[in-house]
Amino acid sequence: MDGMGQPESRRSGRTQLPPGQRLQRGWPVTHYGPVPKFRPDRWEFRVFGATVDGEKHCWSHEEFSALPYDTVLADLHCVTKFSMLGVEWGGVTTRTIMELAPPAPETTHVMIWAEYGFSSNVRLSDFAVDSALFATHRGGEPLTAEHGFPVRLIVPHLYAWKGPKWVRGVEYMTADRRGFWEERGYHNIGDPWREQRFSYQEEPGEGPEF
Ligand SMILES: Nc1nc2c(c(=O)[nH]1)N[C@H]1C(S)=C(S)[C@@H](COP(=O)(O)O)O[C@H]1N2
Ligand SMILES: [Mo]
């Protein structure tokens, strides 16, 4: 369905799960630490680091809410082995953000920053797929606080820890660096189809030195 307005997603279909995963009923809440309190007056969404113009780009919550809204049908795979298939997410695509705040040509990786300093690194090529989005909604409803309100990242083709909840910023990087879970034993790339769960599985070149 490329070019038909349907986002390209590496979809498993409803009967096929990535290896080692099982289907989850309902929607569990999984994260480290407390659920942050949303304070609209103090909230901003920031793109910084290796931007093409060298500037930092910021959006207030009101401005972010006015950005183009898209939906994506995507699966969610937690490394603890539960998966949800065919979830409809709504929000701002990573491509929209990259158009408004383009990365410099040297950018190779992206660090996603969330509340309390939580972070996750992804390759620019994984971040830039057209099925990746900063979700504000699920199934047409705004996200609840525990699921990441006001914004969480969805990168459907990677394990879900690569999609921080309570996102506050994007850092364009010219070299790779490990995020929160990637520093704590989880795989630097995190492809569920290759079962890239843990950092000891990394092949040479798949991650920076610790
Ligand atoms: N800020 C933040 N985002 C996070 C996490 C976290 O610990 N902190 N955990 C990740 C993990 S491991 C998973 S499986 C998903 C779970 O999303 P859910 O709680 O909405 O199901 O959130 C991801 N986003
Ligand atoms: Mo997870």
Side-chain angles (χ1 to χ4, degrees), residues 9-10 12 17-39 42-47 61 64 71-92 94 97 110-122 126-127 129 131-171 177-199 201 207:
S9 175
R10 191 165 176 184
S12 57
L17 288 166
Q21 295 294 112
R22 58 185 148 65
L23 203 55
Q24 173 74 41
R25 270 175 226 280
W27 190 10
V29 172
T30 314
H31 59 262
Y32 175 81
V35 174
K37 193 170 160 57
F38 174 57
R39 295 195 184 84
R42 293 202 213 155
W43 191 93
E44 62 176 8
F45 186 96
R46 188 187 303 195
V47 178
H61 187 244
F64 193 89
T71 59
V72 164
L73 207 59
D75 304 338
L76 185 146
H77 309 297
C78 176
V79 71
T80 64
K81 301 199 166 178
F82 74 83
S83 288
M84 302 190 316
L85 302 182
V87 181
E88 194 213 73
W89 303 98
V92 181
T94 55
I97 294 298
V110 168
M111 189 73 80
I112 311 302
W113 289 100
E115 300 284 358
Y116 301 136
F118 183 86
S119 62
S120 186
N121 59 314
V122 291
D126 286 321
F127 180 73
V129 298
S131 56
L133 100 165
F134 290 101
T136 56
H137 290 70
R138 189 219 161 165
E141 297 289 327
L143 294 174
T144 56
E146 62 270 26
H147 286 300
F149 182 84
V151 180
R152 72 181 296 168
L153 179 65
I154 299 294
V155 185
H157 67 288
L158 299 179
Y159 283 119
W161 88 79
K162 292 286 189 182
K165 304 191 277 193
W166 315 294
V167 174
R168 291 293 300 276
V170 174
E171 178 186 358
R177 221 165 70 219
R178 289 174 195 274
F180 182 87
W181 287 121
E182 295 82 6
E183 274 185 335
R184 289 166 176 78
Y186 287 90
H187 198 285
N188 192 55
I189 298 186
D191 180 347
W193 298 94
R194 296 186 177 151
E195 278 207 85
Q196 292 176 331
R197 296 176 190 273
F198 306 111
S199 48
Q201 300 171 291

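If you're wondering where the values come from, they're calculated on a predicted model, not measured in any experiment. When reading the values below, keep in mind they use all heavy atoms of this one structure, side chains included, and skip hydrogens, waters and symmetry mates. Counting convention: from 1, in listed order, for ligands and their atoms alike.
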- Considering only the protein, which heavy-atom contact is closest to atom 23 (C) of ligand 1, and what is its distance? A160 O, 3.4 Å
- Query: Any side-chain heavy atom of W181 sitting closer than 4.5 Å to one from V79?
  - Reply: no
- Item | Enumerated ligand 1 atoms positioned under 4.0 Å from heavy atoms of W27 | 18 (P), 20 (O), 21 (O)
- Task: Measure from atom 11 (C) of ligand 1 to every heavy atom in Y32, W161, F82 and give the option owning the shortest one.
- Result: W161
- Task: For the residue pair E182 and S120, confirm or rule out a side-chain donor-acceptor distance under 3.5 Å.
- Result: yes
- Message: Contact between ligand 1 and Y116 is defined here as a heavy atom of the residue under 4.0 Å from a ligand atom; is it met?
- Response: no
- Query: In Å and rounded to the nearest 0.5 Å, what is the CD to CD distance from E141 to E88?
  - Reply: 11.0 Å
- Query: So, Y32 versus F118, ring centres under 6.0 angstrom or not?
  - Reply: no
- Nearest non-hydrogen protein atom, atom 9 (N) of ligand 1: T30 O, 3.5 Å
- With the side chain counted from C-beta on, respond yes when L17 and L85 share a heavy-atom pair under 4.5 Å apart, and no when they do not. yes
- Message: Heavy atom to atom 17 (O) of ligand 1, shortest distance: which of M84, H147, R152, R168 holds it?
- Response: R152
- Query: Is there any N or O on W166 that sits under 3.5 Å from an N or O of ligand 1?
  - Reply: no
- Assess R184 against W161: is NZ or CZ under 6.0 Å from the centre of the six-membered ring, and within 45 degrees of the ring's axis? no
- Message: Within ligand 1, which atoms have a heavy atom of V29 less than 4.0 Å away?
- Response: 19 (O)
- Message: Once you restrict to heavy atoms under 4.0 Å, what part of W181 touches ligand 1? Side chain, backbone, both or neither.
- Response: side chain
- Item | Verdict with supporting geometry, F134 and F45, ring pair (Phe, Tyr, Trp, His ring centres under 6.0 Å) | CA-CA 11 Å; F134 290 101; F45 186 96; 5.1 Å; yes
- Could you tell me whether the side chain of H187 reaches within less than 4.5 Å of the side chain of L158, counting heavy atoms only? no
- Using distance alone, decide if ligand 1 has a nitrogen or oxygen within less than 3.5 Å of any nitrogen or oxygen in G163. yes
- Query: Is there a nitrogen or oxygen of P28 sitting under 3.5 Å from a nitrogen or oxygen of ligand 1?
  - Reply: yes
- Closest non-hydrogen protein atom to atom 19 (O) of ligand 1, residue and atom name please, with distance? K165 NZ, 2.5 Å
